[in-house]
Amino acid sequence: MKQRIMDEIKFDVGLKPTSLASGAATGSYFNMANWRKALFHCKHAAMVAAGTLTLQAMQAKNQAAGSAKVVTNASAVNALLVGGQQMSIVAATLLTGTAITVSLYRVSQPTAGTAATMTLVLALTYTFAAGANVNATRTIGLGANDTAAMANLILLLNDPVVGIVDPLTGKLVVVATASTVTVTITSIDDNYVFGLASAPDDSTDVKAYVAGQLIVEIDKSALDFANGFTWVAARVTSASATVIADVTLARIGRFSAIPQQVEQLGWL
């Protein structure tokens, strides 16, 4: 019989969709006694570009969060959001000299026992000016109005030369779309997230995360099992931003005597 993903991985609602505003929420606790690894996958909806979201793995002695504390072992990746998978820019009275900077971050593939990192790969600035687009200098033509200016912006962002291109492969890693005065930028490469900044940083434009994710993966060995900490949960913290987020828990490597015995008998 063909094996299914759900036969190998146990999925649970780690944290139901929750609205956070400068605070934290902790989901339900789950027992790791019979599992080798756990992964918390946090997804978030719209959030201001200046907002910060953190995801942490918690451990406790029981389902009621007895003696709860953060998993601090090096094998736990306590992720900090420094970039998004999807962000938007809403224009309002763009002027000559207004600049949009897109920063591209590569998500590292950590070795065992080390935390993942977000490495800044490049930061490209696109500046609005009167006239037509000038690709060589990443200059965006203002056009007749803000709608025209944002249409010109996506031409440069999607350009295979002056757009957001992976310096290693030479391929675009984001795609930009426009709807009147709103430009939405989406990462299309699993290895990258990005950030947005503007100058001047005022009411000329409004930047925001449309959607993003955070991942924390832990081994059973990261828990304080010797002192009875066998339960895990996700904690999501928002700083200075209102955001809706939820967490899915995936556990893998269930301990079972029967499959191990079958393997020893040579039946598999």
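These values consider heavy atoms only, across backbone and side chains, with no hydrogens, waters or symmetry-generated copies.
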Minimal non-hydrogen separation, [X] against [Y], with atom names:
X: Leu20; Y: Ala25; value: CD2-CB, 3.6 Å
X: Ala123; Y: Thr101; value: CB-CG2, 4.2 Å
X: Gly195; Y: Met87; value: CA-SD, 4.0 Å
X: Ala38; Y: Leu249; value: CB-CD1, 4.0 Å
X: Gln86; Y: Thr186; value: NE2-OG1, 2.8 Å
X: Leu142; Y: Ala149; value: O-CB, 3.2 Å

In Å and rounded to the nearest 0.5 Å, what is the [atom1] to [atom2] distance from [X] to [Y]?
X: Phe128; Y: Ser198; atom1: CZ; atom2: OG; result: 10.0 Å
X: Met58; Y: Phe40; atom1: CE; atom2: CZ; result: 10.0 Å
X: Asp246; Y: Thr18; atom1: CG; atom2: OG1; result: 8.0 Å
X: Arg251; Y: Ile218; atom1: CZ; atom2: CD1; result: 10.5 Å
X: Leu196; Y: Ile89; atom1: CG; atom2: CD1; result: 5.0 Å
X: Trp231; Y: Phe30; atom1: CH2; atom2: CZ; result: 9.0 Å

Just by modelled atom types, is the [Y] backbone N or O under 3.5 Å from a matching donor or acceptor in the [X] side chain?
X: Asn31; Y: Ala33; value: yes
X: Arg138; Y: Tyr126; value: no
X: Asn145; Y: Ala148; value: yes

Answer yes or no: is there a side-chain heavy-atom contact under 4.5 Å between [X] and [Y]?
X: Thr26; Y: Gln56; answer: no
X: Ile215; Y: Leu39; answer: yes
X: Leu168; Y: Arg106; answer: yes
X: Thr237; Y: Leu53; answer: no
X: Phe11; Y: Thr248; answer: yes
X: Ser103; Y: Phe194; answer: no
X: Val161; Y: Asn135; answer: no
X: Asp189; Y: Leu172; answer: no

query: Run the side-chain hydrogen bond (donor to acceptor under 3.5 Å, both in side chains) check on Ser28 and Lys16 step by step: do they pass?
result: CA-CA 9 Å; Ser28 301; Lys16 66 182 181 180; over 6 Å; no

Polar side chain donor-acceptor pair, [X] to [Y], under 3.5 angstrom:
X: Thr182; Y: Ser88; result: no
X: Tyr192; Y: Asp166; result: yes
X: Gln213; Y: His44; result: no
X: Thr230; Y: Lys220; result: no

Quick one: do [X] and [Y] end up in the same hydrophobic cluster if we chain Ile, Leu, Val, Met, Phe, Trp and Tyr together by side-chain heavy atoms under 4.5 Å apart?
X: Val243; Y: Val210; value: no
X: Met150; Y: Leu124; value: yes
X: Val165; Y: Val174; value: no
X: Ile164; Y: Val134; value: no
X: Val13; Y: Leu15; value: no

- request: Starting from the C-alpha separation in whole Å, work towards a yes-or-no answer on side-chain contact (heavy atoms from CB on, under 4.5 Å) for Phe229 and Lys69.
  value: CA-CA 9 Å; Phe229 288 82; Lys69 61 183 179 179; 3.7 Å; yes

task: Evaluate the side-chain contact (heavy atoms from CB on, under 4.5 Å) criterion for residues Leu104 and Val173: first the C-alpha distance (whole Å), next the side-chain angles of each, then the deciding distance (0.1 Å), finally the verdict.
output: CA-CA 9 Å; Leu104 187 67; Val173 295; 3.7 Å; yes

- request: Pick out which of Val162, Asp159, Leu156, Thr139 makes a side chain to side chain contact (heavy atoms under 4.5 Å, CB included) with Asn133.
  value: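 Only one of Val162, Asp159, Leu156, Thr139 forms a side chain to side chain contact (heavy atoms under 4.5 Å, CB included) with Asn133, namely Leu156.
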
message: For a side-chain contact (heavy atoms from CB on, under 4.5 Å) check, start with the C-alpha distance between Asp224 and Val71, then their side-chain angles and the critical distance, and finish with the verdict.
response: CA-CA 8 Å; Asp224 187 6; Val71 178; over 6 Å; no

task: Kindly indicate, with the supporting measurements, whether the criterion side-chain contact (heavy atoms from CB on, under 4.5 Å) is fulfilled by Leu223 and Val232.
output: CA-CA 9 Å; Leu223 304 179; Val232 296; 3.7 Å; yes

